[in-house]
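Just below is one structure, and these are the notes that go with it.
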Amino acid sequence: MRRPAAVLLALALSGCALSGCAGDGGSGGGEAPVPRTSAEPLSQETLSEEPLPEETPSAEQAGSQALTLSCDAASEVQLPAVPAPLERAGAFSRLPALTRPLAVHGLIWSQNDERLYVGVVCGPRTAEQFVTLVARARLTAWEGRPALHWTTRTGVRNLMWLDRPGVAVYVGATPGLSDRIQPIAAGIG
């Protein structure tokens, strides 16, 4: 089963590289990421907030501090500033759509009842491992990297790509904020 997945991945990536696809759609099970409880604090390895290289931020600028998520010290992923009027609404440590238990570190932003999720999934080292992470997800590419796109039963749209061996980046949103997935994903470095 792994060989066909690798062949499909290679064909999908070569086709997407030529046509620039990153499309929408797909369907899958699972639900929204599960929020982290207060008993599960984020460690400094997982999350670090650093002021932008300017002077100390004012109260208005405090929401636009640079954020990073990581699986370990060598795997930091820089997050872009999340546009207003979204406000930080907590963290999550589990993605129910994953087919096996992996470490997940993520943040949640909200606007009214809508949610935006950004996180890292620790563990998948190869494309073959990555493509099996979410059942019924559509295989695609994001900036030349293998990616999975799926929508949950509750309408949460999800995009996850293998950023580097051991680190996959996840962005998800409820229907009202789903138009923010691609701009947020494009700003992650």
Side-chain angles (χ1 to χ4, degrees), residues 22 30-54 57 61-84 86-111 114-127 129-131 133-134 137 140-150 152 156-174 177-178 180-189:
E31 301 297 326
V34 177
R36 181 186 306 265
T37 65
S38 59
E40 301 175 79
L42 286 172
S43 67
Q44 272 310 108
E45 269 184 11
T46 304
L47 169 71
S48 62
E49 269 188 47
E50 301 168 6
L52 294 174
E54 301 168 353
Q61 296 171 329
S64 65
Q65 291 180 338
L67 295 173
T68 60
L69 292 171
S70 66
C71 294
D72 57 35
S75 64
E76 283 192 352
V77 174
Q78 288 255 245
L79 305 181
V82 176
L86 293 176
E87 295 179 2
R88 263 293 269 289
F92 63 95
S93 59
R94 193 169 76 85
L95 283 174
L98 295 178
T99 57
R100 60 184 178 272
L102 293 171
V104 176
H105 309 287
L107 299 173
I108 305 170
W109 284 268
S110 69
Q111 176 184 5
E114 301 293 334
R115 301 280 184 268
L116 175 70
Y117 307 94
V118 180
V120 292
V121 177
C122 308
R125 302 202 62 76
T126 65
Q129 291 173 343
F130 176 75
V131 300
L133 285 181
V134 179
T140 184
W142 178 257
E143 296 182 351
R145 297 179 184 126
L148 298 173
H149 192 280
W150 73 99
T152 67
V156 176
R157 296 199 178 165
N158 304 275
L159 172 66
M160 182 168 55
W161 67 93
L162 186 60
D163 193 55
R164 58 185 151 247
V167 181
V169 178
Y170 167 80
V171 181
T174 54
L177 294 175
S178 63
R180 306 238 179 138
I181 292 175
Q182 297 221 357
I184 294 293
I188 292 176

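In this text the structure is predicted, and so the values were computed from the model without any measurement.
- The OG1 atom of Thr174 sits 7.5 Å away from atom CZ of Arg115, with the distance rounded to the nearest 0.5 Å.
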Practice task
Applying side-chain contact (heavy atoms from CB on, under 4.5 Å), run through His105 and Val77 and close with a yes or a no.
Solution key: CA-CA 11 Å; His105 309 287; Val77 174; over 6 Å; no
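- Classification of the Trp161-Trp142 ring pair by plane angle, with boundaries at 30° and 60°, yields tilted.
- Arg180 has its side chain out of reach of Glu114: every pair of non-hydrogen atoms, C-beta onward, lies at least 4.5 Å apart.
- Residues Gln129 and Gly123 share a closest heavy-atom pair of OE1-O, 4.0 Å.
- Between Ile188 and Pro80, the closest side-chain pair of non-hydrogen atoms falls below 4.5 Å.
- Using a 4.5 Å cut-off on side-chain heavy atoms (C-beta onward), Asn158 and Val134 make no contact.
- The line from CD of Glu76 to SG of Cys71 is 11.0 Å long, rounded to the nearest 0.5 Å.
- Ring geometry for Tyr117 against Phe92 counts as perpendicular: the plane angle is over 60°, on a 0 to 90° scale with 30° as the lower cut.
- Using a 4.5 Å cut-off on side-chain heavy atoms (C-beta onward), Val82 and Leu107 make no contact.
- Leu162 and Ala127 get closest at one heavy-atom pair: CD2-N, 4.1 Å.
- Here the side chains of Val169 and Arg145 are not in contact, with every heavy-atom distance at 4.5 Å or above.
- Other residues, nucleotides and ligands place more than 12 heavy atoms under 6.0 Å from the CD atom of Glu143.
- In this structure, CG on Leu69 lies 13.0 Å from OH on Tyr170, to the nearest 0.5 angstrom.
- Here Leu148 contributes atom CG and Leu98 contributes atom CG; the two are 9.5 Å apart, rounded to the nearest 0.5 Å.
- No side-chain heavy atom of Val104 sits under 4.5 Å from any side-chain heavy atom of Arg94.
- Annotation: the span from Ile108 atom CD1 to Leu116 atom CG amounts to 10.0 Å, rounded to 0.5 Å.
- Leu177 CG to Arg157 CZ: the interatomic distance, rounded to the nearest 0.5 Å, is 12.0 Å.
- With sequence neighbours excluded, the residues that form a side-chain contact (heavy atoms from CB on, under 4.5 Å) with Ala168 are Val121, Pro124, Phe130, Met160.
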